[in-house]
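Since the structure comes first, as structure tokens, the remarks are kept for the end.
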Amino acid sequence: MNKYRTHNCSELRVKNAGENVILSGWVNKKRDHGNLLFVDLRDNYGTTQCIVQKNQPFFEELEKIQLETVVKIIGFVSKRSADTINKEINTGEIEIQIENFELLGSCKELPLPVFTDQEYSEEIRLKYRFLDLRRKKIHSNILLRSKVISFIREEMTKLGFMEFQTPILTSSSPEGARDFLVPSRLNPGKFYALPQAPQQFKQLIMVSGFDKYFQIAPCFRDEDARADRSPGEFYQLDIEMSFVEQEDVFNVVEELLKRVFNKFSNKKFLFNKFPRITFEEAMLKYATDKPDLRNPLQIYDLTNIFLREDVSFEIFKKLVKSGSIVRALVAKNTKDKPRSFFDNFDKWAKSEGGSGLAYFTIEQVEKISAKGPVGKLFSTESIQEIMKITGAKVGDSIFFACNNENDVLQLMSVARDKIAKELDLIDKNSFAFCWIVDYPMYELDNTTKKLKFSHNPFSMPQGNEKDIDFKNPLNMKAYQYDIVCNGIELSSGAIRNHKPDLMYKLFEIAGYDKKDVDKKFGGMINALSFGAPPHGGIAPGIDRIIMLLADEKNIREVTMFPMNQNAQDLMMDAPSEITIEQLKELNLQIKKK
RNA sequence: GGGGGUGUAGCUCAGUUGGUUAGAGCGAUCGCCUGUCACGCGAUAGGUCGCGGGUUCGAGUCCCGUCACUCCCGCCA
């Protein structure tokens with residue numbers, strides 16, 4: 001028999017009444033009635049009410065015990081009387097009559113309450129994460145994470161995939177995020193990098209003939225944090241497959257995500273078959289390549305309206321003439337909204353650094369007209385044209401923004417969310433997945449004005465190799481795709497370029513000559529020239545999947561031991577200073593400020 | 001690197017236009033209480049109002065600076 005317990009704290013039922021039992025756990029709560037003491041004992045599985053009367057010799061000792069102390073309770077199970085049953089917990093029909101107890105782990109005065117729904121500061125939560133993790137919500141989030149990960153492993157295995165580990169110490173890559181670097185003791189002056197993703201390794205696994213790979217892979221990127229982005233490290237469900245086209249990857253991922261989301265959430269799927277939206281279409285309709293499709297609002301281009309003679313909105317007309325564009329959103333049935341409703345959006349848009357949001361409401365007394373500060377600047381015919389383009393009806397309002405393309409898109413993307421939230425148009429009980437496809441191979445770097453890879457440099461350009469228009473690289477599309485759910489980008493993926501010659505050509509366009517490519521990606525290119533299968537894959541973010549399933553907005557709520565925004569672990573005190581000896585051994589010197 | 005928010009007791013927060021001794025709930029300590037399940041009742045302790053400077057007869061409150069946490073932008077192929 002186990003020394004510490006015969007049962008866990010969620011196990012005992014009426015049928016156990018009369019049995020002698022031993023339970024161990026944390027003192028979750030005490031209710032002290034002076035001559036009668038209730039102790040709620042908690043472990044990973046649940047809580048059990050234990051009770052002791054004053055006549056027991058250890059009564060006073062137990063009465064004074066700190067919450068969160070770990071104790072072993074020895075006693076017997078007794079059935080509760082009907083009026084004292086607690087239906088909230090699954091051991092609520094019984095209680096333990098304590099016959100003795102043993103202190104297993106004492107507890108100092110708590111820096112934060114454990115048994116409470118109260119929110120408290122992240123600083124204190126992260127410093128005492130081991131206490132924070134005892135709390136119900138986050139404890140169950142972490143359990144959910146564990147279950148999801150093992151389910152994913154099972155399902156991937158069923159789908160014929162093999163899990164392989166890839167190195168954690170690897171080489172720095174020139175593209176992409178900032179690397180975390182690790183100095184090499186045996187190779188003075190040289191550094192390893194932690195992998196931003198096992199990108200090259202998973203391709204090498206394909207070249208090695210393993211056909212279907214997956215891994216719950218740690219990824220390291222030294223970039224600034226966001227609510228949905230841990231600083232430092234995160235996990236991807238890394239997938240790669242040989243002899244596949246884009247659709248084959250989609251089928252696997254769609255099937256897997258459906259199984260996972262159906263198993264771990266009651267929310268419904270808005271689309272049973274995930275819609276495919278081209279990058280171009282997404283940017284036009286949603287002004288972002290990670291649209292929240294729960295939001296029914298669409299964006300329309302109204303630039304041409306401002307070239308019309310019968311529109312006298314001179315500020316916008318002037319901007320349009322000098323190259324600005326106009327994009328609009330329709331807010332249905334908003335004619336009765338107060339003036340403040342509209343002005344607040346304009347005020348908000350200005351606070352976003354934009355030029356504001358103009359608006360009018362379509363009305364019809366006899367003729368169709370526009371109401372609002374700029375309404376009279378539009379003729380009936382121009383309003384009718386706007387209604388044709390946008391599908392707006394009498395009683396709807398139009399919000400529009402005019403600026404250069406970048407700024408308009410940025411504003412409209414956020415405005416679309418904000419207006420939908422304000423009008424309560426988003427069904428919170430659903431998942432809206434979609435694929436974003438046909439990404440451009442290259443884009444212009446805003447600061448350097450040079451061409452760069454818009455996503456992964458290893459992606460395969462679309463079309464027959466002979467027909468690819470290398471002269472107009474900005475027109476080149478790639479077999480590059482993203483999967484998005486509820487406005488959250490879960491993953492990017494691509495069919496890879498497995499042809500070294502083509503790869504050199506593509507890198508040349510981005511400004512890397514053959515020598516650069518050989519130096520930076522030599523291992524990869526070399527491998528591809530020894531018989532590489534066509535292959536492709538994807539890597540959905542595990543943390544974000546759990547966030548969606550747990551309905552959490554912050555990634556730290558689904559991460560056991562996260563770092564804070566400044567990439568510090570307040571509990572372990574990382575990063576920390578190291579000794580002179582360690583530095584010497586690594587041939588490093590710290591430059592003083 | 002830039003912008004916003006927050007910072008008052010161990011924890012969560014209140015604190016009016018600048019005005020006497022900075023409050024509450026939870027927690028802690030002590031006492032009372034035999035059926036609670038957020039038990040109840042009474043008492044006590046607990047404060048560099050993040051830090052530094054300034055304005056003022058007087059600053060938790062106003063101003064300047066700074067630090068910490070957080071959200072966003074940049075960044076994240």
Side-chain angles (χ1 to χ4, degrees), chain A residues 28-42 47-55 59 63-64 66-68 78 80-89 91-92 95 107-128 131-132 173-179 196-197 199-200 219-232 234 351-354 407 410-411 414 439-443 445-447 452-459 478 480 482 489 492-494 507 510 520-521 539 541 553-554 556 563-566 568 570:
Chain A
N28 193 54
K29 196 74 193 170
K30 286 182 300 181
R31 287 174 298 281
D32 189 352
H33 290 237
N35 292 312
L36 174 72
L37 173 69
F38 295 97
V39 176
D40 290 341
L41 198 67
R42 184 196 72 237
T47 56
T48 300
Q49 175 167 283
C50 306
I51 184 169
V52 61
Q53 320 267 343
K54 184 141 198 178
N55 55 18
F59 182 90
E63 194 182 32
K64 291 205 160 54
Q66 264 278 351
L67 296 183
E68 294 306 309
S78 72
R80 295 201 203 180
S81 66
D83 57 327
T84 60
I85 285 171
N86 182 354
K87 286 184 181 137
E88 302 294 312
I89 57 174
T91 58
E95 61 199 2
C107 179
K108 296 197 288 188
E109 187 176 343
L110 293 164
L112 54 87
V114 172
F115 180 65
T116 172
D117 291 328
Q118 194 175 80
E119 304 261 338
Y120 42 101
S121 81
E122 293 229 36
E123 199 174 354
I124 205 99
R125 290 182 62 188
L126 293 183
K127 183 163 182 192
Y128 296 96
L131 289 178
D132 189 37
S173 63
E175 290 279 319
R178 202 174 289 116
D179 285 316
Q196 297 179 20
Q199 180 61 36
Q200 295 193 55
C219 303
F220 306 89
R221 296 177 190 175
D222 188 3
E223 296 294 350
D224 289 353
R226 289 287 183 279
D228 63 348
R229 213 163 79 198
S230 284
F234 62 97
S351 75
E352 291 284 293
D407 290 351
Q410 197 164 349
L411 179 65
V414 195
Y439 274 83
M441 191 80 202
Y442 300 98
E443 64 189 15
D445 189 306
N446 269 336
T447 46
K452 62 171 190 180
F453 289 108
S454 73
H455 267 72
N456 187 325
F458 301 122
S459 297
Q480 165 84 48
D482 275 12
E489 182 194 317
S492 291
F507 266 105
K520 303 288 189 189
F521 304 103
K553 289 200 170 57
N554 195 299
R556 291 184 294 275
M563 299 200 283
N564 70 9
Q565 199 168 41
N566 294 321
Q568 298 160 335
L570 298 174

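Numbered from 1 within each chain, the chains take letters A, B, ... in sequence-line order.
When A:T47, A:T48, A:N28 are each tested for a side chain to side chain donor-acceptor pair (under 3.5 Å) with A:R42, only one passes: A:N28.
Between the side chain of A:R80 and the backbone N or O of A:G92 there is at least one donor-acceptor pair closer than 3.5 Å. Proximity of a side-chain donor or acceptor of A:N566 to a complementary backbone N or O of A:Q568 within less than 3.5 Å is not detected. Of the possible polar contacts, none joining the A:E95 side chain to the A:S78 backbone as a donor-acceptor pair under 3.5 Å is found. Not a single donor-acceptor pair under 3.5 Å links the side chain of A:S454 to the backbone N or O of A:E443. Judged by distance alone, with hydrogens and angles left aside, the side-chain atoms of A:Y120 form a donor-acceptor pair with the main-chain N or O of A:P113 at under 3.5 Å. Within the 3.5 Å criterion, the main-chain N or O of A:L67 finds no donor-acceptor partner in the side chain of A:K30. Side chain of A:Q196 to backbone of A:A177: a donor-acceptor contact under 3.5 angstrom is found.
For the P atom pair drawn from B:G23 and B:C49, the interatomic distance equals 14 Å after rounding to whole Å. When the C1' atom is used for both B:G54 and B:C30, the distance is 46 Å, rounded to whole Å. Across B:C11 and B:G58, the matching P atoms stand 32 Å from one another, rounded to whole Å. As rounded to the nearest Å, B:A59 and B:G18 have P atoms that lie 13 Å from one another. To the nearest whole angstrom, the two C1' atoms, one in B:G46 and one in B:G5, are 29 Å apart. Taking the C1' atoms as reference points, B:G53 lies 14 Å from B:C67, given to the whole Å. Of the C1' atoms belonging to B:C13 and B:G27, the separation is 14 Å, rounded to the nearest Å. Only the C1' atoms considered, B:C64 is 24 Å distant from B:U70, to the nearest whole Å.
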Distances under 3.5 Å between nitrogen or oxygen atoms of protein and nucleotides 36-43 of chain B:
residue: B:U36; atom: O4'; partner: A:H33; partner atom: NE2; Å: 3.4
residue: B:U36; atom: O2'; partner: A:R31; partner atom: NE; Å: 3.4
residue: B:U36; atom: O2; partner: A:R31; partner atom: NE; Å: 2.6
residue: B:U36; atom: O2; partner: A:R31; partner atom: NH2; Å: 3.2
residue: B:U36; atom: O2; partner: A:Q49; partner atom: OE1; Å: 3.3
residue: B:U36; atom: N3; partner: A:Q49; partner atom: OE1; Å: 2.8
residue: B:U36; atom: N3; partner: A:Q49; partner atom: NE2; Å: 3.0
residue: B:U36; atom: O4; partner: A:Q49; partner atom: NE2; Å: 2.9
residue: B:U36; atom: O4; partner: A:R80; partner atom: NH1; Å: 3.2
residue: B:U36; atom: O4; partner: A:T84; partner atom: O; Å: 3.4
residue: B:C37; atom: O4'; partner: A:R31; partner atom: NE; Å: 3.0
residue: B:C37; atom: O2; partner: A:Q49; partner atom: OE1; Å: 3.3
residue: B:C37; atom: O2; partner: A:N86; partner atom: ND2; Å: 3.0
residue: B:C37; atom: N3; partner: A:R80; partner atom: NH1; Å: 2.9
residue: B:C37; atom: N4; partner: A:T84; partner atom: O; Å: 2.5
residue: B:C39; atom: OP1; partner: A:K29; partner atom: NZ; Å: 3.3
residue: B:C39; atom: OP2; partner: A:R31; partner atom: NH1; Å: 3.0
residue: B:C39; atom: N4; partner: A:D32; partner atom: O; Å: 2.1

Protein N or O to nucleotides 68-71 of chain B N or O, pairs below 3.5 Å:
residue: B:A68; atom: O2'; partner: A:E123; partner atom: OE2; Å: 3.3
residue: B:C69; atom: OP1; partner: A:N564; partner atom: ND2; Å: 3.1
residue: B:C69; atom: OP1; partner: A:N566; partner atom: ND2; Å: 3.4
residue: B:C69; atom: OP1; partner: A:Q568; partner atom: OE1; Å: 2.9
residue: B:C69; atom: OP2; partner: A:N566; partner atom: ND2; Å: 2.4
residue: B:U70; atom: OP1; partner: A:Q565; partner atom: N; Å: 3.2
residue: B:U70; atom: OP2; partner: A:Q565; partner atom: N; Å: 3.1
residue: B:U70; atom: O3'; partner: A:R556; partner atom: NH2; Å: 3.3
residue: B:C71; atom: OP1; partner: A:N554; partner atom: ND2; Å: 2.6
residue: B:C71; atom: OP1; partner: A:R556; partner atom: NH2; Å: 2.7
residue: B:C71; atom: OP2; partner: A:Q565; partner atom: NE2; Å: 3.3

Might you list the N or O atoms of the protein lying below 3.5 Å from N or O atoms in nucleotides 4-7 of chain B, with each pair's distance?
none

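A residue-by-residue look at A:L67 and A:P113 shows that A:P113 has its nearest nucleotide of RNA chain B further toward the 5' end.
Between the side chain of A:R221 and the base of B:C76 there is no donor-acceptor pair of N/O atoms closer than 3.5 Å.
The pair A:D132-A:K127 does not meet the salt-bridge criterion, since no charged nitrogen lies less than 4.0 angstrom from a carboxylate oxygen. Under 4.0 Å is where a charged nitrogen must lie from a carboxylate oxygen, and between A:E68 and A:K108 no such pair does.
Counting any heavy atom pair closer than 4.0 Å across all strands shown, A:S492 reaches no nucleic acid atom. Residue contacts for A:Q410: at a heavy-atom cut-off of 4.0 Å it reaches the sugar-phosphate backbone alone, with no base atom in range.
Ring-plane geometry between A:H33 and A:F38 is classed as perpendicular, the angle between the planes exceeding 60 degrees on a 0 to 90 degree scale with a lower cut at 30.
When rounded to the nearest whole Å, the span between CG of A:D224 and P of B:G1 equals 9 Å. Between the CG atom of A:L110 and the P atom of B:G27 there is a distance of 11 Å, rounded to whole Å. In this entry the distance linking OH of A:Y120 with C1' of B:C26 reads 13 Å, nearest Å. The CG-C1' distance, from A:D132 to B:U12, rounds to 14 Å in whole Å. Atom-to-atom, CG of A:L36 to P of B:C33 comes out at 13 Å; the value is rounded to the nearest Å. Rounded to whole angstrom, the span from the CD atom of A:Q66 across to the C1' atom of B:C11 amounts to 13 Å. Rounded to whole Å, atom P of B:C11 lies 15 Å from atom CZ of A:R125. Atom C1' of nucleotide B:G35 and atom CD1 of A:I51 are separated by 6 Å, given to the nearest angstrom.
Defined by atom type and a distance below 3.5 Å, a donor-acceptor pair is missing between the side-chain atoms of A:E123 and A:N564.
Comparing B:U12, B:A28, B:G74 by their closest approach to the side chain of A:Q118 singles out B:U12.
When ring centroids are compared, A:F453 and A:F507 come within the 6.0 Å threshold.
Pair assignment for B:G25 gives B:C11, based on Watson-Crick or G-U wobble hydrogen-bonding distances that are each under 3.5 Å. The partner of B:U6 is B:A68, judged by Watson-Crick or G-U wobble contacts that both fall below 3.5 Å.
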